Amino acid sequence: MAKILVIEDQLEVRQNIEDILTLEDYEVISAPDGETGLALAKQHLPDLILCDVMMPRVTGFEVLMTLRQDQELAVIPFILLTAKADHHAFRQGMELGADDYLTKPFTIDELLHAITSRLDRHYQRQAMVESRLDNLRQHVTRSLPHELLTPLNGILGTSQLMINFYDSLSHNEVMESLHDIKTSGERLYRLVENFLLMADLDLLLASPARLQVWQSRLSQYTELPSSLVPMLENLGQNQPRRQDVEMMVVPQRIQVAEPDFQKIIRELIDNAFKFSLPGTPVQLEAVVKNGLCELTIQDHGRGMTKEELGSIGAHVQFQRSEFEQQGSGLGLTLAQRLTELYGGQLAIASVPGEGTTITIQGWESTPI
């Protein structure tokens, strides 16, 4: 039985709604004002909230704003009720995160249809999030222990070696050991960072608060090629391959937040390194076509088969027994998710034995 909170200062209207919903087998909680409604929402965690806009002291808009700032309450479907049918009020409610809007007087069918459709969408969204989280848990269970233990063993083993033979190690041997510890630490840090980022992206649909944070980044810009320079100068364990990167970039400003852009390119370049041998070129090109950025990263490595391309997803690794790969296989999925978040599309073309080309299209771009 779904639990519905009704916040309405007009007694007759509130009682009518209560009677209708009770007859439809909903559990109904009611409040005569916004302040009481907020307290009841925190106490009962309803499945849906019906709230009048024009109320004394705390308006429906203020109730909505408060709920959307509370991580526990932000996901509750919220329907505004008002006798004010002007466009400005409608836009204000939707911009604050209302799920629907009913103008008084409304019919019983209109009320029930709005409630049913919003609850159905809410349950579908919850099911989708749970499915994604289950999928993430399964992949974490399979891949995380090995991926965590590999760099941890490197850190613990090398540090123990330094402790045991500290007095007999040369300066060069100490520096080499410290470098190995740093490399393993960077790998471990990036692995945890990627898992946390993937979990955050998976939860976007379930959390308007998280979605608002990401949406605030969608209007940010990155300038090329200047943004690529610091990323290429800090490739971590792949630093020796910096000389393999050939960059041909048309100066431009793209509508992607710089940290997210650098994350995308870093993951795609690392993927190119994994699939190609040191000394072979990895080409990065970015041009402007019809106001949109077209970016390609191409390697000349072993490539992927059609079956492997069709299996691309979080934590998938290809032919690990034959080609040893470091990492959890999460990078391509992260790059794809972030690319799409900014309105772009990521496509992969690969020929076994010849190499792989990854193309990103659809980001808004302005030449500079």
Side-chain angles (χ1 to χ4, degrees), residues 95 190 193-194 196-205 208 210-236 238-239 241-276 281-300 309 312-314 327 330-350 355-368:
E95 288 172 0
R190 186 169 168 210
E193 181 184 57
N194 282 358
L196 292 176
L197 178 56
M198 178 57 73
D200 197 39
L201 293 175
D202 278 338
L203 289 172
L204 282 183
L205 284 176
R210 279 190 175 91
L211 190 57
Q212 282 185 343
V213 172
W214 279 96
Q215 286 176 336
S216 68
R217 300 167 72 161
L218 300 184
S219 59
Q220 299 180 27
Y221 290 86
T222 296
E223 291 191 356
L224 304 183
S226 59
S227 177
L228 291 167
V229 174
M231 188 275 298
L232 292 176
E233 294 306 319
N234 185 27
L235 292 176
N238 287 316
Q239 194 62 40
R241 294 206 62 183
R242 169 66 181 91
Q243 61 186 7
D244 294 338
V245 180
E246 300 176 355
M247 189 168 65
M248 292 162 280
V249 177
V250 174
Q252 57 187 290
R253 182 181 291 109
I254 59 174
Q255 194 168 347
V256 180
E258 188 166 7
D260 297 328
F261 172 78
Q262 291 185 348
K263 183 65 176 176
I264 292 168
I265 302 304
R266 170 72 180 273
E267 296 299 334
L268 295 183
I269 287 181
D270 279 1
N271 184 76
F273 289 158
K274 290 175 187 177
F275 281 81
S276 63
V282 171
Q283 294 154 334
L284 190 161
E285 298 184 12
V287 298
V288 182
K289 293 184 178 180
N290 300 319
L292 300 175
C293 175
E294 183 174 297
L295 188 148
T296 60
I297 294 177
Q298 182 178 19
D299 67 68
H300 301 275
L309 286 173
I312 287 176
L330 189 60
L332 275 179
T333 303
L334 276 176
Q336 185 176 41
R337 292 274 186 90
L338 288 172
T339 296
E340 293 172 351
L341 194 64
Y342 287 92
Q345 293 182 328
L346 186 149
I348 304 176
S350 189
T356 300
T357 300
I358 296 179
T359 304
I360 293 177
Q361 295 176 313
W363 288 337
E364 291 187 17
S365 174
T366 304
I368 56 175

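These numbers come from a predicted model, not from an experiment.
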Margin query: Assess the residue pair R241 and V282 against the criterion (side chain to side chain contact (heavy atoms under 4.5 Å, CB included)); give the C-alpha distance rounded to whole Å, side-chain angles, the decisive distance to 0.1 Å, and a yes or no.
Written below: CA-CA 9 Å; R241 294 206 62 183; V282 171; 4.1 Å; yes
How long is the gap from [atom1] on [X] to [atom2] on [Y], to the nearest 0.5 Å?
X    : Y    : atom1 : atom2 : result
D244 : I269 : CG    : CD1   : 11.0 Å
R253 : S226 : CZ    : OG    : 9.5 Å
T359 : I348 : OG1   : CD1   : 9.5 Å
L338 : I264 : CG    : CD1   : 5.0 Å
E233 : L235 : CD    : CG    : 8.0 Å
T357 : D299 : OG1   : CG    : 7.5 Å

Next item on the list: Start with the C-alpha gap between T339 and W363, add the side-chain angles, then the distance that decides, and say whether side chain to side chain contact (heavy atoms under 4.5 Å, CB included) holds.
Entry: CA-CA 8 Å; T339 296; W363 288 337; 3.9 Å; yes
Heavy-atom check, side chain of [X] versus side chain of [Y], under 4.5 Å:
X    : Y    : answer
E267 : R190 : yes
L295 : V287 : no
E294 : E285 : no
L341 : R217 : no
I297 : N271 : no
T366 : Y221 : no
R242 : L232 : yes
D270 : R266 : yes

Notebook entry, point to check: In a check of side-chain contact (heavy atoms from CB on, under 4.5 Å) between I254 and each of V288, L292, T222, which one passes?
Noted result: T222
Margin query: Tell me whether the count of non-hydrogen atoms from other residues, nucleotides or ligands lying under 6.0 Å of CD in E258 goes above 12.
Written below: yes
Notebook entry, point to check: Within a radius of less than 6.0 Å around CD of E340, do more than 12 heavy atoms belonging to other residues, nucleotides or ligands occur?
Noted result: yes
Quick check: closest heavy atoms across [X] and [Y], and the distance to 0.1 Å?
X    : Y    : value
A286 : C293 : CB-SG, 4.5 Å
P225 : M247 : CB-CE, 4.3 Å
P230 : Q262 : CG-NE2, 3.8 Å
H300 : P281 : CD2-O, 3.4 Å
S276 : A272 : OG-O, 2.7 Å

Notebook entry, point to check: Looking just at side-chain N and O atoms, do N238 and K274 make a donor-acceptor pair shorter than 3.5 Å?
Noted result: no
